[in-house]
There are 2 protein chains.
Amino acid sequence: MRIIVDAMGSDRAPGVDVEGAVGAARRFGQEIVLVGREEDIRRELARHDTQRLSISVVHASQVIEMAEHPSQAVRSKPDSSMVVGMRLLRDQQADAFVSAGNSGGVLAAALASAGRLGRVKGVHRPAISTVVPTLKGYSLMLDIGANTDCRPEWLVQFALMGSIYARTRGIERPRVALLANGEEETKGNAAVQAAHEMLKHLSLNFVGNVEGKDITRDLADVIVSDGFVGNVAIKALEGVASTILTLLRDEIKARPLASVGALLAKPAFRVVGKKLDYREYGGAPLLGVNGVVIIAHGRSDALAMENAVRIAIEAVNAHLVQTIQQEMADALTVLDSLAPAASTLFGQEPGDQ
Amino acid sequence: MRIIVDAMGSDRAPGVDVEGAVGAARRFGQEIVLVGREEDIRRELARHDTQRLSISVVHASQVIEMAEHPSQAVRSKPDSSMVVGMRLLRDQQADAFVSAGNSGGVLAAALASAGRLGRVKGVHRPAISTVVPTLKGYSLMLDIGANTDCRPEWLVQFALMGSIYARTRGIERPRVALLANGEEETKGNAAVQAAHEMLKHLSLNFVGNVEGKDITRDLADVIVSDGFVGNVAIKALEGVASTILTLLRDEIKARPLASVGALLAKPAFRVVGKKLDYREYGGAPLLGVNGVVIIAHGRSDALAMENAVRIAIEAVNAHLVQTIQQEMADALTVLDSLAPAASTLFGQEPGDQ
């Protein structure tokens, strides 16, 4: 198996991206292709022992930055690591692509004519997924940013794809939920309510709505929302976790006795920190595109990158894309019979079919 | 001044609601009218020293429960404490109404024909606001549940009303932001992007978009969203805070040394807990209705209820409703000239004008 790693993706690229790729090559024994500025990559590679590892480098002269507008950046930078990496994947030079870069950029690169991996047949919109730590383990959330205004059919497809991915991760009958402003079926905005109705007709383990407070409570394995709400929710989780820890640290520092106490309690904090740490799970797939594309956190360190490569390998082994292709075709028959009723709620979008 | 308190509102009603009302009567020296099942209220009152306090009781035989559908409940329970209390406010028997009950119910009672307090002239939709603790103090968020699908003009009005309320709380030029999936002006769903454009034309201290991670970071005094997103975000904040504390408690309990440490660190935890504690601020107004209506947290205890009454008194003293009436009239002139462009993005809603 051959995995492409975007060497220029993370906030601390190419250092941690290359280090993570080297670690992954050693740990999993698969081929790694690093894409990015060759000179920079070679310099980083020289810092590690890469003997007996299968690591190659493909030069790409441009870099898409975090703050750039995704589709504009992809258009204006055809020789960026993201576009070049995506093209390699499309041309079947590799089995998966991993990037810790601008997630909108990864999506745009997958769909832009330059890299054009394209969508799985029948998929309206690909979705960016992520993993959220819960009281008992992890849940998958999607979409967290690719699609801000969603038609109900898209949400239903997100649910389907999320469920398939969760199954490839070993969950037999993933509990799928819609993120909403209340548990009751009557809650939700118009799109969520329509999606709710449609989801009842599919053979998913649909458990209804979950509220924002339930995201971390292990009530569902897959939590579906549009990319606007999902993005706000996931960032709210990150933000408040960091605020609480900042407040605690400041108050503890101001108190000598509390500082001693915190030292004694440190192992407990460390375990909780590890549970909440995105580095442990590494990344999650861009679902609905014609290839295994794993998006890692921009703040990834080498361990996170290593784990993102592991996630990619596992997705390839589990035939994630082929499974989505098959099951989407089956589901479309059901969806097509339901969609007309729902679409009267929303303006028709030209070129969407 | 006379403040009506819904005695049947909170999760532990009427005990904490009555206790809080008694505390408020003593602390602020104003008249309190308790509305609800008279027998139950009298029994609770008998547990407290109410001598020299000005507390009266108005009987209402019905109770709207937390899980009830708001408008249905209001229709089917015309003698509920919520509807009766709202009617007293409308009939100017009092200056404000405080409830820790079903917030959708409070809104429905304010707008239903039975209680019909009604909207401020020109206000499309009232909004439920709440106070969120931040690193440095508090921010106001609205809407957090009244309106799930919002037109851009509604969001703009929420911004206006939130800014006015923040000013009555002593913030001279409140920073007003839209909650979005990115800081850039181009981020947001269609409604947020259109509202963004309109807000630039108003004389508000509009600071642009804030992300979910910034809600608790004191980047804005007023954070505006539709009621669906706002509800998901606010509950996500509550949920993750409680998850982190649960995880920490479990891990600390499992370790004898850590338990000692936690004991020593307790004062620090207590200060942070107090900062995050909704009981300190009590409640926040339902903005856009023709009267001071304060919604307290369903999990309120007596202290929270007492503070909610304080918030009501302060809003009356600051002429909150009159200020909204005046400034909304001024802003409507500007908004009317902008709305047609924005409304082409959205279907016209019959009867909205």
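Letters go in sequence order (proteins before strands), and every chain restarts at 1.
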Chemist: Who wins among A:Gly145, A:Gly182, A:Ser225, A:Gly188 for the most heavy-atom pairs under 4.5 Å with chain B?
Modeler: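 The option with the most such pairs is A:Gly188.
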Chemist: Sequence neighbours excluded, which residues qualify as side chain to side chain contact (heavy atoms under 4.5 Å, CB included) partners of B:Ala195?
Modeler: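 Scan of B:Ala195 (side chain to side chain contact (heavy atoms under 4.5 Å, CB included), adjacent residues dropped) gives B:Pro152, B:Leu155, B:Val156, B:Leu178.
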Chemist: Taking every non-hydrogen pair under 4.5 Å, which of A:Ile215, A:Thr246, A:Leu179, A:Asp250 racks up the most with chain B?
Modeler: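 Looking at each option in turn, the highest pair count goes to A:Leu179.
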Chemist: Considering only heavy atoms from C-beta outward, does the side chain of A:Arg217 approach that of B:Ser242 to under 4.5 Å?
Modeler: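 Yes; the side chains approach each other to less than 4.5 Å.
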Chemist: Quick check for you: to the nearest 0.5 Å, what is the distance between B:Ile244 atom CD1 and A:Thr216 atom OG1?
Modeler: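 The distance works out to 8.0 Å.
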Chemist: Just how far is it from atom NE2 of B:His69 to atom CD of A:Glu184, taken to the nearest 0.5 Å?
Modeler: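 If we round to the nearest 0.5 Å, B:His69:NE2 and A:Glu184:CD are 9.0 Å apart.
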Chemist: Do you know which of A:Leu135, A:Val132, A:Ile252 has the most heavy-atom pairs under 4.5 Å to chain B?
Modeler: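 Between A:Leu135, A:Val132, A:Ile252, the count favours A:Leu135.
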Chemist: When you measure from the side chain of B:Asn181 to the backbone N and O of A:Phe228, does any donor-acceptor pair fall under 3.5 Å?
Modeler: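 No; judged by distance alone, with no hydrogens or angles, the pair does not exist.
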Chemist: Tell me which of these, B:Ala180, B:Gly227, B:Ala241, has more heavy-atom pairs under 4.5 Å with chain A than the rest.
Modeler: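 Most heavy-atom pairs within the cutoff with chain A belong to B:Ala180.
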Chemist: So which of A:Ala265, A:Ala67, A:Ala268 has the biggest tally of heavy-atom pairs under 4.5 Å with chain B?
Modeler: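 Highest number of heavy-atom pairs under 4.5 Å: A:Ala268.
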Chemist: Can you check whether A:Thr134 reaches B:Thr243 side chain to side chain, under 4.5 Å on heavy atoms?
Modeler: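 A:Thr134 vs B:Thr243: side chains apart.
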Chemist: Using a heavy-atom cutoff of under 4.5 Å, enumerate the residues of residues 253-264 of chain B that contact chain A, numbered in order, or state 'none'.
Modeler: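 Listed by number: B:Arg255, B:Leu257, B:Ala258, B:Val260, B:Gly261, B:Ala262, B:Leu264.
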Chemist: What residues of residues 230-238 of chain B make heavy-atom contacts with chain A at a cutoff under 4.5 angstrom?
Modeler: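 So far as heavy atoms go, B:Asn231, B:Val232, B:Ala233, B:Lys235, B:Ala236, B:Leu237 are the residues that approach chain A to under 4.5 Å.
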Chemist: Could you tell me which residues satisfy ring-ring contact (aromatic ring centres under 6.0 Å, His included) with B:His196, sequence neighbours excluded, listed by chain and number?
Modeler: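 Per chain and number, B:His196 pairs via ring-ring contact (aromatic ring centres under 6.0 Å, His included) with B:Phe206.
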